[in-house]
Amino acid sequence: MAVYFLDSSALVKRYISEAGSVWVLGLFDPALNNEVFIAAITGVEIIAAITRRSRSGSISITDATITRNQFKIDLQKDYQILKLYKLLSFVNYINGYLLSKLK
């Protein structure tokens, strides 16, 4: 198991095929049992990114609707959502963890 923090530019790769999508999709392999943290604002940013892609014509309106609906489902079950104050605590925790690994 590993812990990841994904911002919207990384997480959108799970929903829209682009460079880096294969790596991001790999994080969600159930066998790995990874924990994925996102900031609270990420939900709005992902919906906006999917909608923007639909408006530009790079994905169909139907695909955008399906993708937004899947994201809303995933948002409830796949992510740990961090408010800003929790995000700062999380960053401090990770920094401490990484520093403890230095030899």
Side-chain angles (χ1 to χ4, degrees):
M1 178 182 109
V3 176
Y4 294 92
F5 175 81
L6 299 180
D7 68 3
S8 58
S9 67
L11 188 59
V12 76
K13 294 172 186 337
R14 184 177 185 193
Y15 300 96
I16 303 290
S17 183
E18 58 186 41
S21 288
V22 172
W23 185 83
V24 171
L25 288 169
L27 297 178
F28 295 92
D29 179 344
L32 298 176
N33 198 31
N34 291 330
E35 271 195 89
V36 177
F37 288 82
I38 63 172
I41 191 69
T42 303
V44 173
E45 293 173 336
I46 296 295
I47 296 295
I50 295 166
T51 302
R52 191 169 42 252
R53 290 294 190 96
S54 175
R55 287 184 180 156
S56 73
S58 67
I59 63 172
S60 70
I61 293 170
T62 302
D63 286 344
T65 300
I66 292 167
T67 303
R68 279 191 300 264
N69 289 339
Q70 183 60 55
F71 172 69
K72 290 174 187 176
I73 292 166
D74 295 344
L75 192 59
Q76 300 300 313
K77 64 180 181 68
D78 289 346
Y79 310 119
Q80 300 291 325
I81 301 172
L82 298 171
K83 306 273 190 229
L84 181 57
Y85 68 92
K86 288 184 180 179
L87 178 59
L88 296 174
S89 295
F90 176 74
V91 168
N92 287 334
Y93 169 78
I94 295 298
N95 285 338
Y97 173 80
L98 294 173
L99 288 172
S100 73
K101 297 296 181 183
L102 293 176
K103 295 184 181 197

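Residues: numbered from 1 along the sequence shown. Just so it is clear, the values below take in all heavy atoms, side chains as well, and ignore hydrogens, waters and symmetry mates.
Legend: residues meeting side-chain contact (heavy atoms from CB on, under 4.5 Å) with Leu98, ordered by chain and number and at least two apart, are Ile94. Residues satisfying the side-chain contact (heavy atoms from CB on, under 4.5 Å) criterion with Asp78, sequence neighbours excluded, are Arg14, Asp74. Partners of Thr62 under the side-chain contact (heavy atoms from CB on, under 4.5 Å) rule, at least two apart in sequence or in another chain, are Ser60, Ile66.
Note on Phe5 and Val3: same hydrophobic cluster, where clusters join Ile, Leu, Val, Met, Phe, Trp and Tyr whose side-chain heavy atoms are under 4.5 Å apart, directly or indirectly. Both Tyr79 and Trp23 sit in one connected hydrophobic cluster of ILVMFWY residues. Membership requires side-chain heavy atoms under 4.5 Å apart, directly or through other members. With hydrophobic clusters built from ILVMFWY side chains whose heavy atoms lie under 4.5 angstrom apart, Val12 does not share a cluster with Val22. At a threshold of 4.5 Å between side-chain heavy atoms, the hydrophobic network of Ile, Leu, Val, Met, Phe, Trp and Tyr places Phe28 and Ile16 in one connected group.
Taking CG of Asp63 as the start and CZ of Arg68 as the end, the distance is 10.5 Å to the nearest 0.5 Å. A distance of 11.0 Å separates CD1 of Ile59 from OG of Ser17, quoted to the nearest 0.5 Å.
Residues in residues 88-100 take part in no salt bridge (Lys or Arg N to Asp or Glu O under 4.0 Å) pair, two or more places apart or across chains. For residues 16-30, every residue pair satisfying the salt bridge (Lys or Arg N to Asp or Glu O under 4.0 Å) rule, not counting sequence neighbours, is listed here: Lys13-Glu18, Glu18-Arg53.
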Name the atoms and distances for all side-chain donor-acceptor pairs under 3.5 Å in residues 33-50, with sequence neighbours left out.
from	atom 1	to	atom 2	distance (Å)
Asn34	OD1	Ala2	N	3.0
Asn34	ND2	Leu27	O	2.9
Thr42	OG1	Ala39	N	3.4
Thr42	OG1	Ala39	O	3.0
Glu45	OE1	Ser8	OG	2.8

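By the 6.0 Å contact criterion, CD1 on Ile61 is open, its count of non-hydrogen atoms from other residues, nucleotides or ligands being 12 or less.
Note: Phe71 and Tyr15 have perpendicular aromatic rings, judged against thresholds of 30 and 60 degrees for the angle between ring planes.
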